[in-house]
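For reference, the structure is listed below as structure tokens.
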There are 2 protein chains.
Amino acid sequence: MTGSPTPGSVAAWVALMRAQTATLARIEADLDGAGLPPLAWYDVLLELRRAERASKRLRQRDLQAALLLAGYNLSRLLDRMAGAGLVAREPTPDDRRGIDIVPTAEGRAMRRRMWPVYARALGHHVGRHFDAAEATTLATLLERLR
Amino acid sequence: MTGSPTPGSVAAWVALMRAQTATLARIEADLDGAGLPPLAWYDVLLELRRAERASKRLRQRDLQAALLLAGYNLSRLLDRMAGAGLVAREPTPDDRRGIDIVPTAEGRAMRRRMWPVYARALGHHVGRHFDAAEATTLATLLERLR
DNA sequence: CCTATATCGATGCGATTGCAACGATATCGC
DNA sequence: GCGATATCGTTGCAATCGCATCGATATAGG
């Protein structure tokens, strides 16, 4: 047998693809409309802030794992962000293969500038559609697909 | 106020991004591993079959709307698929700007060849994680983000 | 210690995507 | 009917992604 999946799970998958594509496009459009960089830059800056709050330096490898990003992709994303003056690369103290990524003052400022726009977009394009219980249900179900 | 969205909806959004990215990557890997073309090709071929079943010809514009795909992107996707002999372009009878997209015999065969692999991947990477009620709940919630 | 293997990050190159603009045709408003 | 505007699909070009590979360093096994 070809193992036809349940109709419900096909519907869920199709809905997942479309929801992500459509919502991401709307959020990116809001950021772009405000003259801000793409969402991926925010994700990087947010991870960097989390690390700073925990008084840790973040290795590129760890950033890669946190963002589910291919290594070569992250290398070049950081090229662009470093070019824009938002992050700096420093050698990892105890592993000479490694690079620590640190935010610059401008990088921290950029994250603060992006958040209000991102938050507004999130409320408008996601939060608006769910009450608290629904949002939790949705998050819980989606977690299983990690 | 910056209008912080509810914590639940932020969690739902993050989970949505990760679930889609991770699951899509797994499914694409299964298709690629079976020597088959990307998922987008299947989506096109499926829409074409739907149209044929309804005895309708499908305009490129309608395909674009059905797939939530940018026009220029679809143009070139169809270039590749036509190059592979899977679809053909024909002038729309009543609108000389338009192009009808029709599947070739090879295109229909390719869809039939892709489905078992896709179905297996879907069962493995999506269906496995949900019972019928959960899948329906998930689909229903995600529909709201269209 | 010293070779074999694994990990970390970068890079050359071809494929794909996104943006802006275009040519062709259709539709609208006068 | 006719000029202004909108729609359909394509294309040039730059940015980004994905794959394969590389150089450098670290770790494991004998």
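Because only heavy atoms are used, hydrogens play no part in the values below, and waters and symmetry mates are left out as well, while side chains stay in.
Position along DNA chain C of the nearest nucleotide to A:Arg76 versus A:Gly98 favours A:Gly98 as the more 5'-ward residue. Nearest-nucleotide positions on DNA chain D place A:Pro38 closer to the 5' end than the other of A:Pro38 and A:Asp94.
B:Gln60 has a side-chain polar atom (N or O) that falls below the 4.0 Å cut-off from OP1 or OP2 of D:dT10. OP1 or OP2 of C:dT17 lies within a sub-4.0 Å distance of a side-chain N or O belonging to B:Arg80. Under 4.0 angstrom from either OP1 or OP2 of C:dG18 there lies at least one side-chain N or O belonging to B:Asn73. For B:Arg97 and D:dA6, the shortest distance from a side-chain N or O to OP1 or OP2 is not below 4.0 Å. Regarding contacts with the backbone of D:dC17, every side-chain N or O of A:Tyr72 stays at 4.0 angstrom or more from both OP1 and OP2. Within the structure, every side-chain polar atom (N or O) of A:Arg61 is placed at least 4.0 Å from both OP1 and OP2 of D:dT25.
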Should A:Asp30 and A:Tyr118 be marked as a side chain to side chain contact (heavy atoms under 4.5 Å, CB included) after you check the CA-CA gap, both sets of side-chain angles, and the distance that decides it? CA-CA 8 Å; A:Asp30 287 354; A:Tyr118 185 21; over 6 Å; no
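Straight-line distance from the CD1 atom of B:Ile99 to the C1' atom of D:dT7: 14 Å, rounded to whole Å. In this structure, B:Leu58 places its CG atom 10 Å from P of D:dG9, rounding to the nearest Å. For B:Gln64 and D:dG9, the CD to P distance is 7 Å, given to the nearest whole Å. D:dT16 atom P lies 14 Å from atom CG of A:Leu74, rounded to whole Å. Rounded to whole Å, the distance from CG on A:Asp32 to P on D:dA15 is 15 Å. Between the CG atom of B:Leu78 and the P atom of D:dG9 there is a distance of 10 Å, given to the nearest Å. Between A:Leu31 atom CG and C:dG18 atom P there is a gap of 16 Å when expressed in whole angstrom units. Atoms CD (A:Glu28) and C1' (C:dT17) sit 13 Å apart, rounded to a whole Å.
Side chain of B:Arg96, nearest nucleotide from D:dG9, C:dA26, D:dC13: C:dA26. Comparing D:dC8, D:dT25, C:dA26 by their closest approach to the side chain of B:Arg59 singles out D:dC8. For B:Asp95, the side-chain atoms get nearest to C:dA26 when compared with the rest of D:dT25, C:dA26, C:dA10.
Under a 3.5 Å cut-off, the side chain of A:Glu134 and the backbone N or O of A:Asp131 do form a donor-acceptor pair.
We find that B:Asp62 and B:Lys56 are not joined by a salt bridge, their nearest charged nitrogen and carboxylate oxygen being 4.0 Å or further apart.
Among the atoms of the strands shown, none is found under 4.0 Å from any heavy atom of A:Gly71.
The closest side-chain heavy-atom distance from A:Arg50 to A:Arg53 is not below 4.5 Å.
Taking CE from B:Met17 and CG from A:Leu68, the interatomic distance works out to 10.0 Å, rounded to the nearest 0.5 Å.
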